[in-house]
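This one's a predicted model, so the numbers in the text were calculated from it and none came from an experiment.
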Amino acid sequence: FPVTISAPANWSFTAVEDPTIRVTDLKVDQPLTSQIVEAYGVFKPLGGNKTIVVAQSIYGVDGTYRIVTQGEAEWDELYPLLTYQGALHVHDPLGRQKYVRFVERKWTESGSIDNLIRTIDVTYFEVESP
């Protein structure tokens, strides 16, 4: 019973260390919110008129997934994935694959009590392959 939302695009998420925690045919809302973070330091030398930026690594693509569930069956299917505290293998509709770690999960509930609609925002970091 796939979790569905209004903007279809099929994704799959699998817990690396517990493959029984898996959701396939999940639809992640568009547009995606993503960013690439760079490790850097900014220096403004006394007497200088320009800023100096010293950079190191550029990290993976981090961001937020938005998922909407309707009813308890969809929520119950998604919940173990939301609360998993490890690397997840993600496969998106374009065939791209990566590993992520969920770090923040927040949601709103609306609708009737017997058919709640939950809009979930999951913040993630791209992590190394385990």
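- Here the straight-line distance linking atom OG1 of Thr64 with atom CD of Glu104 works out to 8.0 Å at 0.5 Å rounding.
- Residues Val37 and Phe125 form no side-chain contact, since every pair of their non-hydrogen atoms from C-beta on lies 4.5 Å or further apart.
- Shown here are the side-chain hydrogen bond (donor to acceptor under 3.5 Å, both in side chains) partners of Thr20, two or more places apart in sequence or in another chain: Asp18.
- Within 6.0 Å of CD in Gln56 there are 12 or fewer heavy atoms belonging to other residues, nucleotides or ligands.
- Using a 4.5 Å cut-off on side-chain heavy atoms (C-beta onward), Tyr79 and Ile120 make no contact.
- Atom CD of Glu109 has more than 12 heavy atoms from other residues, nucleotides or ligands within 6.0 Å.
- To the nearest 0.5 Å, atom CZ of residue Arg22 and atom NE2 of residue His89 are 9.5 Å apart.
- Remark: Gln35 CD is packed, more than 12 non-hydrogen atoms of other residues, nucleotides or ligands lying under 6.0 Å away.
- For Asp29 (side chain) and Ile67 (main-chain N/O), no donor-acceptor pair under 3.5 Å exists by modelled atom type.
- Closest of all the heavy-atom pairs between Phe102 and Arg105 is O-NH2, 3.3 Å.
- Going from atom CZ of Arg66 over to atom OG1 of Thr33 covers 7.5 Å, rounded to the nearest 0.5 Å.
- Pairing each heavy atom of Glu74 with each of Val68, the nearest pair is OE1-O, 4.3 Å.
- If you take CG on Asn115 and OG on Ser110, they are separated by 10.0 Å, rounding to the nearest 0.5 Å.
- Atom CG of residue Leu94 and atom NE2 of residue His91 lie 9.5 Å apart, to the nearest 0.5 angstrom.
- Between Tyr65 and Trp11, the ring-plane angle classifies as perpendicular under the 30° and 60° cut-offs.
- Tyr99 and Val61 are assigned to two separate hydrophobic clusters, defined by single-linkage of ILVMFWY side chains at heavy-atom distances under 4.5 Å.
- With hydrophobic clusters built from ILVMFWY side chains whose heavy atoms lie under 4.5 angstrom apart, Val103 does not share a cluster with Leu32.
- Smallest separation of non-hydrogen atoms from Tyr124 and Ser34: OH-OG, 3.9 Å.
- Hydrophobic clustering (ILVMFWY, side-chain heavy atoms < 4.5 Å, transitive): Val16 and Val122 are in distinct clusters.
- With sequence neighbours excluded, no residue satisfies ring pair (Phe, Tyr, Trp, His ring centres under 6.0 Å) with Tyr84.
- For the residue pair Thr51 and Lys44, the shortest heavy atom distance occurs at OG1-NZ, 2.8 Å.
- The pair Glu128-Arg101 fails the salt-bridge criterion, with no side-chain N (NZ, NE, NH1 or NH2) lying under 4.0 Å from an Asp/Glu carboxylate O.
- Nearest heavy atom pair, residue Ile58 against residue Ile36, reads CG2-CG2, 3.2 Å.
- In this structure, the separation between NZ on Lys27 and CG on Asn10 is 5.5 Å, given to the nearest 0.5 Å.
- Val127 approaches Ala87 most closely through the heavy-atom pair CG2-CB, 4.1 Å.
- The shortest side-chain heavy-atom distance between Leu116 and Trp75 does not fall under the 4.5 Å cut-off.
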